[in-house]
Amino acid sequence: MSSNEKIIALVSVGLHPKSGRARRADQDARAVELGLSLSGNALEMLHVGNADNADNDALRSYLGMGLEEMTVLEQGAGSSLSETLGDYVKTKMPDIVLSGVRAESGDSSGMTPYQLAEQLQWPMVSSIADIVKIEGGEAEVLQALPRGQRRILKVALPFIASVDGAAAGPRQSAFGPASRGSMCTIAASVQEQAEPSHDAALDVQRAPARKRAKRMKIAKAKTAADRFKAATVKSQASGGQVIKDKPAREQAQAILSLLLEEGVVR
Amino acid sequence: MSTQETSTGFRRNPRQDWIARNRLHPLHGQGTVFPCVERGPTGLVRKNLHSIGFIGPGGLKRIDRSSVGSFVANAGRRVRPEEAVLEQLPLVKIENPDFYIMAVLDLVGGRLTEHDKDVLGQAHKLINAHSDKGAVLAVVFGESKEEAFDKAGVDRLIHFDQPNYQSYCPELQVAALQKVMSQWQARYCLFPDSIYGGRDLGSRLAAKLGEPVATQAWQVDKDLAISRGCGGREDLSRKTPRFILLAEECAHPIDETRHEVLPLTLESQVVTDPRIEDAGMLAVDPSKIPLGEAEFILSAGNGIHDWQQFHEAAAVLGATEGASRVAVDDGFMPRATQVGATGTWVTARVYVALGISGAVQHMQGIGQCEKVIAINTDAGCDMVKRADLSVIGDSQEILHELVELVKEHRRGESADVQ
């Protein structure tokens, strides 16, 4: 399906969960894949940050997915990420902006698409698995829910969507096109160096993740007899309702009413 | 001390003693009860060990050393543990609190999740860290089946259950939360950082108000909030912001007190112009859902002989198929469907075990399931002990009736719609 909607996919540098090596972020790559399947080569890939550092290879691996060009926005020191992004997106006026749910580097707060949506006053659809169709200025979107469920949402263009890990997997990144692709850097506007931004004032300290203690079962016994019981007695299964020697229909009815009560049979 | 007093005080009535000792005597229990501690004939304190305890239901002497409850009064009936706890938990009442902590709960399937309870526990932890008096203001949306809000630590409850909150409506929910915030001036806003909507809602509200937010926070106190960042590789510590999205197991849930659960209502109506429209759920093929994620599993074991019927039943019920090791080893089901320690550890909300007696490995695999229904011919098997509802009988017959009932139920519903 190749339509004439203008789509921007926001990409960031990912980190491998085990080795910590820079790579293309999984959800961002899925967003690019979704964008490619919707608008083909008309898709624009956008990265905010610095292109000429060690992360270059990781960013280039997005170019290895088939596009020839990628835009890199330099972020001014005085402006926040969402402001920089918002200003750029306003000039481009795309129909859809796609991003991942949570970045693999940085704060991983997942706030960027929400802040961008707030700045542009666009609707924000979270954790989507697919965009089924775009018709008459309205898109039908599949939202990924826990337990493999999908919800159909209808939203008017333009909108921002974060792409979940349940979306179609990204295509392989080819090394040749990745090396040949060009990075088009846009320098930060002059309004930076104004006052320290809102986030910087919060003063975040970073440290390697500490291992979290596993939650233990606490026996809150007040007497020695209770402590003894907690230590020795096998937790007595309360044993639910048992239906015995009844006609099969009555037994089945009991099961059905429980299934209906739990809402699993619809 | 006069002689008269001593002579009457210490004199025993041997006949009364004998009646009191002999529980088969017709007058037993009517006469005086031995005091546990009394003076002997010489004036020394004597403990009468025979009068300690009481005669239990089996005719055996029972001694209650916990001195918690009156065992004698309850000797005849079995006290369920929750019931016993409820009698003891003190009720905490907070009148005219100085501040509120807003906790927006997920309420998956209408019930509090463990994550929700942790969030409420964290809210109370924050309240205790402050010197002034605070109350937890819980906000829930949609249908609620929860009855234990009091034991989870909810002081005040706002329940938006109007029909327009029943479907997916994040914009409406954000508008409602804004109203709640402006009316009650919450000092902190806590959300579970979950895939069930807590994360989405918290991010939306924080972005709307342009406030900083700590996501995946796992250690929060009055001054400092530590949260995971950089894809879980780093800890970010910052001054505790007003908006906190809490990770699982951030704090211990409340278990020693009960709270009032006073219902509150908004003064004004919530009006929005929603731009996202919920067009309902997509019918997902249950057999395509990974077993570990499936919500509703129909699992078969050694007691199943009609496999065609089993597959049909799973299709009609809309359940994902599972199997015990025996069924897989015998070649009736593929290896990928095996539930248990050697197969998949399932997290289903409802697990129906057909003809599975419940080997230890299998029980481990279904440890996280909420409701287990057992259909078995053996009433004494482990699965029946674990199950919330057990049906003893021929699985083939019961399954047949169940499928018929579900079909009837669906027909009845579609007739109602027309």
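Just so it is clear, the values below take in all heavy atoms, side chains as well, and ignore hydrogens, waters and symmetry mates. A note on names: the letters A, B, ... follow the listed sequences, proteins ahead of strands, and every chain is numbered from 1.
In this structure, the portions of A:Pro123 lying under 4.5 Å from any heavy atom of chain B include both its backbone and its side chain. With a threshold of 4.5 angstrom between heavy atoms, B:Ala348 approaches chain A through N, CA, C or O but not through any side-chain atom. Heavy atoms closer than 4.5 Å to chain A are found in both the backbone and the side chain of B:Lys208. For A:Glu140, no part lies near chain B; criterion is any non-hydrogen pair under 4.5 Å. Residue B:Asp193 touches chain A through its side chain alone, counting heavy-atom pairs closer than 4.5 Å. The contact between B:Leu389 and chain A is made by backbone and side chain atoms together, counting heavy-atom distances below 4.5 Å. For chain B, the nearby part of A:Glu104 is the backbone; its heavy atoms alone come within less than 4.5 Å. With a 4.5 angstrom heavy-atom cutoff, A:Leu142 touches chain B only via side-chain atoms. Only the side chain of B:Ile373 comes within contact range of chain A, with heavy atoms under 4.5 Å apart. At a 4.5 Å heavy-atom cutoff, the contact between A:Leu256 and chain B is made by backbone and side-chain atoms alike. Heavy atoms closer than 4.5 Å to chain B are found nowhere in A:Ser162, neither backbone nor side chain. With a threshold of 4.5 angstrom between heavy atoms, B:Leu399 does not approach chain A through any atom at all. Both the backbone and the side chain of A:Ala207 come within less than 4.5 Å of a heavy atom of chain B. Both the backbone and the side chain of A:Arg210 come within contact range of chain B, with heavy atoms under 4.5 Å apart. With a 4.5 angstrom heavy-atom cutoff, B:Glu408 touches chain A only via side-chain atoms. Of the atoms belonging to A:Leu258, it is side-chain heavy atoms, and not backbone ones, that fall under 4.5 Å from chain B. B:Ala379 touches chain A through its side chain: at least one heavy atom from C-beta onward sits under 4.5 Å away, while N, CA, C and O do not.
In A:Arg21, the CZ atom is not crowded: 12 or fewer heavy atoms of neighbouring residues, nucleotides or ligands sit closer than 6.0 Å. By the 6.0 Å contact criterion, CD on A:Gln121 is enclosed, its count of non-hydrogen atoms from other residues, nucleotides or ligands being greater than 12.
A:Val265 pairs with exactly one of B:Val316, B:Val350, B:Leu317 by the side-chain contact (heavy atoms from CB on, under 4.5 Å) rule, that one being B:Leu317.
In terms of heavy-atom pairs under 4.5 angstrom with chain B, the leader among A:Ala252, A:Ala209, A:Gly263 is A:Ala209. Contacts with chain A were tallied for B:Ser194, B:Gly110, B:Ala251; B:Ala251 has the most, counting heavy-atom pairs under 4.5 Å. Most heavy-atom pairs under 4.5 Å with chain A: of the set B:Leu236, B:Val108, B:Ile289, this distinction falls to B:Leu236. In terms of non-hydrogen atom pairs under 4.5 Å with chain B, the most contact-rich of A:Ala144, A:Gly14, A:Gly106 is A:Gly106. Looking only at heavy-atom pairs under 4.5 Å with chain B, the residue among A:Ser127, A:Gly20, A:Ser82 that has the most is A:Gly20. Per-residue counts of heavy-atom pairs under 4.5 Å with chain A were compared for B:Arg111, B:Arg228, B:Glu370; the largest is that of B:Arg228. Counting heavy-atom pairs closer than 4.5 Å to chain A, the top-ranked of the candidates B:Cys230, B:Gly197, B:Pro290 is B:Cys230. Top candidate by heavy-atom pairs under 4.5 Å with chain B, chosen from A:Lys246, A:Arg212, A:Glu261, is A:Arg212. Between chain B and the options A:Ala156, A:Gly148, A:Pro247, heavy-atom pairs under 4.5 Å are most frequent for A:Gly148. Comparing B:Thr347, B:Asp394, B:Val406, B:Val352 by heavy-atom pairs within less than 4.5 Å of chain A, the highest count is held by B:Thr347. The most heavy-atom pairs under 4.5 Å with chain B, out of A:Arg249, A:Gln251, A:Met124, come from A:Arg249.
A distance of 13.5 Å separates CG in B:Asp235 from NZ in A:Lys211, rounded to the nearest 0.5 Å. One finds the CD atom of A:Gln115 at 13.5 Å from the CZ atom of B:Arg204 (value rounded to the nearest 0.5 Å). For the atom pair CG of A:Leu153 and CG of B:Asp278, the computed distance is 6.0 Å after rounding to the nearest 0.5 Å.
Electrostatic pairing of B:Lys145 and A:Glu262 does not count as a salt bridge here, judged by no charged N lying under 4.0 Å from a carboxylate O.
For the pair A:Arg215/B:His252, a side-chain contact is recorded, criterion being any heavy-atom separation below 4.5 Å from C-beta on. Inter-residue side-chain proximity for B:Ile276 and A:Phe159 is flagged as unmet; no heavy-atom pair is nearer than 4.5 Å.
Within residues 281-288 of chain B, the residues having any heavy atom less than 4.5 Å from a heavy atom of chain A are, in residue-number order, B:Met281, B:Leu282, B:Val284.
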Exercise. Verify side-chain contact (heavy atoms from CB on, under 4.5 Å) between B:Leu405 and A:Gln253, making sure each step is shown before the conclusion.
Key: CA-CA 7 Å; B:Leu405 278 174; A:Gln253 185 62 53; 3.3 Å; yes
Exercise. Evaluate side-chain contact (heavy atoms from CB on, under 4.5 Å) for B:Ile195 paired with A:Asp164, printing each intermediate quantity in order.
Key: CA-CA 11 Å; B:Ile195 47 175; A:Asp164 190 84; over 6 Å; no
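The side-chain hydrogen bond (donor to acceptor under 3.5 Å, both in side chains) search around A:Trp122 returns none, not counting sequence neighbours.
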